[in-house]
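Okay, structure first, notes after.
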Amino acid sequence: MISDELLSILCCPETHQPVSLAPASVLDQVWAQKLVDRRGTPPQAPLEGGLLRADGMLLYPIRADIPIMLIDEAIPLPGGSV
């Protein structure tokens with residue numbers, strides 16, 4: 001689980017927009033639609049969590065309670081999620 005303190009200082013490394021915990025519906029969308037990250041790699045299993053950029057256009061995955069804040073591993077969301 002990501003602490004509120006950590007969440008308050010994290011931001012998108014590309015645009016510096018704030019991020020928030022993604023709702024389950026967004027995580028389900030990534031898995032159901034087989035969305036790929038910027039490298040073209042689909043998730044190997046359903047995501048356990050994710051951080052949603054404020055504009056709703058990118059999702060940064062969370063693996064083993066560690067946010068993966070790498071631009072290449074961000075998952076673009078079609079049309080944004082919000």
Side-chain angles (χ1 to χ4, degrees):
M1 179 62 89
I2 294 178
S3 72
D4 290 338
E5 182 180 353
L6 177 58
L7 191 56
S8 71
I9 62 172
L10 289 175
C11 67
C12 172
E14 181 177 40
T15 65
H16 305 289
Q17 292 179 50
V19 295
S20 60
L21 289 174
S25 61
V26 172
L27 303 177
D28 293 343
Q29 174 189 10
V30 169
W31 181 248
Q33 295 181 13
K34 303 290 188 225
L35 299 180
V36 297
D37 63 24
R38 288 185 160 171
R39 299 171 300 175
T41 306
Q44 300 302 306
L47 297 175
E48 64 182 67
L51 296 176
L52 185 62
R53 192 168 75 182
D55 66 4
M57 299 299 290
L58 280 180
L59 178 77
Y60 291 95
I62 296 174
R63 296 188 194 108
D65 289 332
I66 299 171
I68 310 300
M69 302 298 292
L70 300 172
I71 294 171
D72 286 346
E73 293 197 35
I75 301 167
L77 300 173
S81 69
V82 292

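The heavy-atom pair separating Gly50 from Leu27 by the smallest distance is N-CD2, 3.7 Å. Here the closest heavy-atom approach between residue Leu6 and residue Ser3 is recorded as N-OG, 3.1 Å. In terms of heavy atoms, Val19 sits closest to Leu7 at O-CD1, 3.9 Å. Nearest heavy-atom pair across Pro13 and Ile71 is CG-CG1, 3.8 Å. Smallest separation of non-hydrogen atoms from Leu10 and Pro67: CD1-CG, 3.9 Å. Nearest heavy atom pair, residue Pro42 against residue Val36, reads N-CG1, 3.8 Å.
Atoms CD1 and CD, on Ile66 and Glu48 in that order, are 9.0 Å from each other to the nearest 0.5 Å. A distance of 6.5 Å separates CE of Met69 from SG of Cys12, quoted to the nearest 0.5 Å.
Transitive grouping of hydrophobic side chains (ILVMFWY, heavy atoms separated by less than 4.5 Å) keeps Leu58 and Ile68 in distinct clusters. By the rule that hydrophobic residues join a cluster once side-chain heavy atoms approach within less than 4.5 Å of another member, Tyr60 and Val26 end up as members of separate clusters.
Considering Leu77, Asp37, Leu35 in turn, Leu77 is the only one that fulfils the side-chain contact (heavy atoms from CB on, under 4.5 Å) rule with Leu59.
Considering only heavy atoms from C-beta on, Leu51 comes within 4.5 Å of Leu21 through its side chain. With a 4.5 Å cut-off on side-chain heavy atoms, Met57 and Gln17 do not count as touching.
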| What's the verdict on side chain to side chain contact (heavy atoms under 4.5 Å, CB included) for Ile75 and Leu47, showing C-alpha distance, side-chain angles and the deciding distance? | CA-CA 11 Å; Ile75 301 167; Leu47 297 175; 4.0 Å; yes
